[in-house]
Structure formats: C-alpha cells, structure tokens
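Have a look at the structure below, then the notes.
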Amino acid sequence: MSQPLKLELQKPKAKPHFGAKDFLTIAEYSTEEIQYLLDQALMLKEMQKKGQQHHYLNGKVLGMIFEKPSTRTRVSFEVGMYQLGGQATFLSSKDLQLGRGESIHDTAKVLSRYLDGVMIRTFAHETIQEFAEHASIPVINGLTDSHHPVQVLADLLTIVEHKGTLQGLKMCYIGDGNNNMAHSLIEGAVKVGMDIHIASPKGYEANQAIVEAAQKAGEQTKSQVVLTTSPQEAIADADVVVTDVWTSMGHEAEIEARKKIFLPYQVNTELCQLAKKDFIFLHCLPAHRGEEVTAEILDGPHSVVFDEAENRLHAQKAILKALMEK
Ligand code: CP
Ligand code: NVA
C-alpha cells in the first residue's frame, strides 16, 4: 500500500518518471506522481508567499484555448505562468481557425511549433485526447465535459492542508454524479487512499466505466467508491463534503428540469449535521447559493472554497513545472 501523503514540506525529492506527456485525467497519474505534484505545489506556494523568485519556466509560453467561459482557470494559469517566469497567451476558439473548421490535427501540429505547452477547455473529452495525440508539446486539461483534473489536484492540496492527510478520509460528493467534477474526484480519491461516496438522483449516476476503473485502482490504496441515491447515507461521518452546480456548462437547456430533480440533494445545514463535526466543505465554484448549496454552508465556518480557489494557482504551477521544465 502507498505511504500516507504528508503535509509538511519535503526537501525537493527526485522527480519520479512521468509516464504521461500530458495532464488529461487524474487516472493516468500514479499515486507517486500525485504525491510529487502536491509536494511541489506546497513548495511553490511557500516560495510565492515568501516572495522568493521561482522562474522555473523562464521564456516558456503556454497557449490557452477556451471553448467555454472561465474565471479561475484562465486567471490562475495566466498568473501561474507569469510567476514561473514564462507567459501565457489566450486563444479564444472563436478567433482561431479551429472555429472555422481547421482540423484539430493541423491545429495541434502548428501550435506545437510555437508553444511550449497548451491548456485546453473544451466539450468532448475526445477533442483533447485527439489534440494531445497530434501535439508534440504537453497538453493540460482545463475542463472537459467528463473531467476536471486540475481542479481536483487543487482540491487534494486544500484537503491535505486542512486535514493533514488524505489517506483514510471519507469524502462525499452530493449532486450531479455524471459530470466532470464527480468523475475527477472519484479518480483522485482512489489514488490517495480516500473513500468517496457519491449521492446523485437516478439517471445522474457517475459513468460506469470510470467507477469500475476507480474501484479497481482503489484495491491498491484501500479506497472505496460507493454510489447511492441517498445524500444522508453519503454524508454520514464524512470528513470532506463536496458539491458542484446542478447544471454544468453545455446543459443550459436543462436548468429548470434539473432544479426540481436535484432539490433533495441541496447541501444545507440540516444535511451537514450528519457529517463529522470538523468537516470541510469544498466547491470548485462558480456556485449558486440557494441551489446546490445554501449561503449558510458556502459562507460558513466549514467552507474552504476560497483556499480551494487559491490553490488552483499553486497546484497548476506544479503541473506546469513538471511537464514543461527541461
Ligand atoms: N472551477 C473552475 O474551473 O472555475 P472557472 O470555470 O471559473 O475556470
Ligand atoms: N461542472 C461544472 C464545473 C465548472 C468549473 C461545469 O462543467 O460547468
């Protein structure tokens, strides 16, 4: 079984061999690689807080392609590259020839001649897979319909900072089980020895193939992945409570229908009384107060959502450094 993840800053350890050129899903990363990224994120965070220069990516340029809106992802990648001594260039898909039908294949090949890395936020996960296949530079997933791995690395960092460990904790996720956050949380939890309980309405369960693969990965770290329709069951004695919007980007036509279906899955004070007394609440944001979570919880003493948002910067800098530093 893998060692518990430690909170304390470790002396810069040798970088493990990274099996992947890209950062597309958490599942493609080993426990050792995730541990390394979290250690690096803590180191980079400390350097930034102390005002120490950390120009590991001097002169490097990251392209950022967005096919969906973003506040956190765009700003944290852009600022992260700047703090690492490089720069980021924002590429709206509307302005690229990609938006007029140029192939992903040709776009990936051309951008690989200019850039040192590319971050993409898009719809189908297959789009980013195809891009990565044809790009010779690292490709980082800034959110697809089915995965949000950079967010989950930031979530793990936030949990370890607040709880001192990851292994042995119980996380619950209440809401849309079939979205990017639920899937990446499942994949992340089993890599670090956390149990994850997902409560979602019938028809909104997590993707079966992702759950089965995670359950298999969890055999090594002693993590359980449990699906239920009962939010009360999922949250019982949880250390970490997570939710996300009921309607993800791209599903806007379903907003009203989903509001009715998901109402029993609201994270509120009554439900949270079933969690451990010292539970922490996470939400990747943007949040809708009064829908998936009440203001009392989101703005209350258990909420760590703004630490979580800040940690996007530090976790992503660790990814950028690991993939782009020569
Ligand atoms: N959590 C997150 O990815 O936020 P943005 O959509 O603002 O980038
Ligand atoms: N599940 C949400 C996450 C937003 C960061 C969405 O895809 O809209």
Side-chain angles (χ1 to χ4, degrees), residues 25-26 65-76 92-94 120-128 141-152 154-155 171-188 196-211 227-232 234-235 240-272 281-299 303 305-306 308-309 312:
T25 68
I26 296 265
I65 301 178
F66 282 90
E67 295 197 310
K68 291 176 177 174
S70 166
T71 297
R72 282 143 288 268
T73 305
R74 176 176 176 179
V75 178
S76 55
S92 161
S93 61
K94 285 189 214 91
I120 306 179
R121 167 168 285 198
T122 187
F123 291 86
H125 192 71
E126 291 73 23
T127 303
I128 202 166
N141 182 354
L143 180 145
T144 59
D145 288 344
S146 55
H147 293 85
H148 199 1
V150 291
Q151 177 70 56
V152 168
D155 291 1
M171 172 191 273
C172 73
Y173 171 95
I174 318 269
D176 184 4
N178 192 28
N179 77 5
N180 38 31
M181 279 308 298
H183 293 150
S184 290
L185 284 166
I186 291 170
E187 294 184 341
I196 178 158
H197 294 238
I198 311 273
S200 43
K202 273 204 168 24
Y204 297 88
E205 296 91 357
N207 175 286
Q208 206 182 333
I210 290 175
V211 172
L227 304 193
T228 173
T229 53
S230 164
Q232 291 78 14
I235 204 171
V240 183
V241 177
V242 192
T243 189
D244 186 17
V245 291
W246 289 339
T247 306
S248 287
M249 291 180 277
H251 294 274
E252 284 76 7
E254 301 165 31
I255 287 180
E256 290 312 315
R258 282 172 174 257
K259 274 187 193 168
K260 291 196 187 82
I261 295 166
F262 282 96
L263 192 58
Y265 293 80
Q266 183 184 70
V267 176
N268 53 36
T269 302
E270 193 192 338
L271 186 65
C272 289
F281 172 76
L282 278 80
H283 189 311
C284 67
L285 306 177
H288 300 84
R289 287 171 177 79
E291 292 184 24
E292 74 273 10
V293 59
T294 57
E296 210 176 358
I297 294 296
L298 190 77
D299 303 315
S303 176
V305 297
F306 297 112
E308 181 186 2
R312 291 291 302 276

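- With a 4.5 Å cut-off on side-chain heavy atoms, Asp176 and Asp244 do not count as touching.
- Side chain of Glu291 to main chain of Lys259: no donor-acceptor pair is present (N/O by atom type, distance under 3.5 Å, no hydrogens or angles).
- Under a 3.5 Å cut-off, the side chain of Arg258 and the backbone N or O of Trp246 do form a donor-acceptor pair.
- A side-chain donor-acceptor contact under 3.5 Å links Arg121 to the backbone of Gly142.
- Proximity of Thr122 to Lys68: side-chain heavy atoms (C-beta onward) are nowhere separated by under 4.5 Å.
- For CD of Glu254, the number of neighbouring non-hydrogen atoms (other residues, nucleotides, ligands) closer than 6.0 Å is greater than 12.
- With sequence neighbours excluded, the residues that form a ring pair (Phe, Tyr, Trp, His ring centres under 6.0 Å) with His147 are His125.
- From Ile235, atom CD1 reaches atom SG of Cys272 across 4.0 Å, with rounding to the nearest 0.5 Å.
- In summary, the side chains of Thr269 and Glu296 do present a donor paired with an acceptor at a separation below 3.5 Å, with no hydrogens or angles considered.
- Take Thr228 and apply the side chain to side chain contact (heavy atoms under 4.5 Å, CB included) test, not counting sequence neighbours, and it matches Ala199, Ser230, Glu233, Ala234.
- Not one N or O on the side chain of Asn178 forms a donor-acceptor pair closer than 3.5 Å with the backbone of Tyr204.
- Paired with Ile174 under the rule side chain to side chain contact (heavy atoms under 4.5 Å, CB included), one option of Pro264, Pro231, Ser200 passes, and it is Pro231.
- Only one option out of Gln151, Glu67, Met249 pairs with Leu143 in a side chain to side chain contact (heavy atoms under 4.5 Å, CB included); it is Met249.
- Without hydrogens or angle criteria, Glu205 side chain to Gly203 main chain gives a donor-acceptor distance under 3.5 Å.
- Remark: Phe281 pairs with no residue by the ring pair (Phe, Tyr, Trp, His ring centres under 6.0 Å) rule, at least two apart or across chains.
- Taking a 6.0 Å sphere around CD of Gln208, one finds it holds 12 or fewer heavy atoms contributed by other residues, nucleotides or ligands.
- Checked by atom type and distance alone, the side chain of Ser76 pairs as donor or acceptor with a backbone atom of Arg72 at under 3.5 Å.
- At distances below 3.5 Å, not a single donor-acceptor pair connects side-chain atoms of Glu187 with backbone N or O atoms of Leu185.
- When all heavy atoms of Leu285 and Ala309 are compared, the pair lying nearest together is CD1-CB, 4.4 Å.
- In terms of heavy atoms, Pro201 sits closest to Phe262 at CD-CE2, 3.4 Å.
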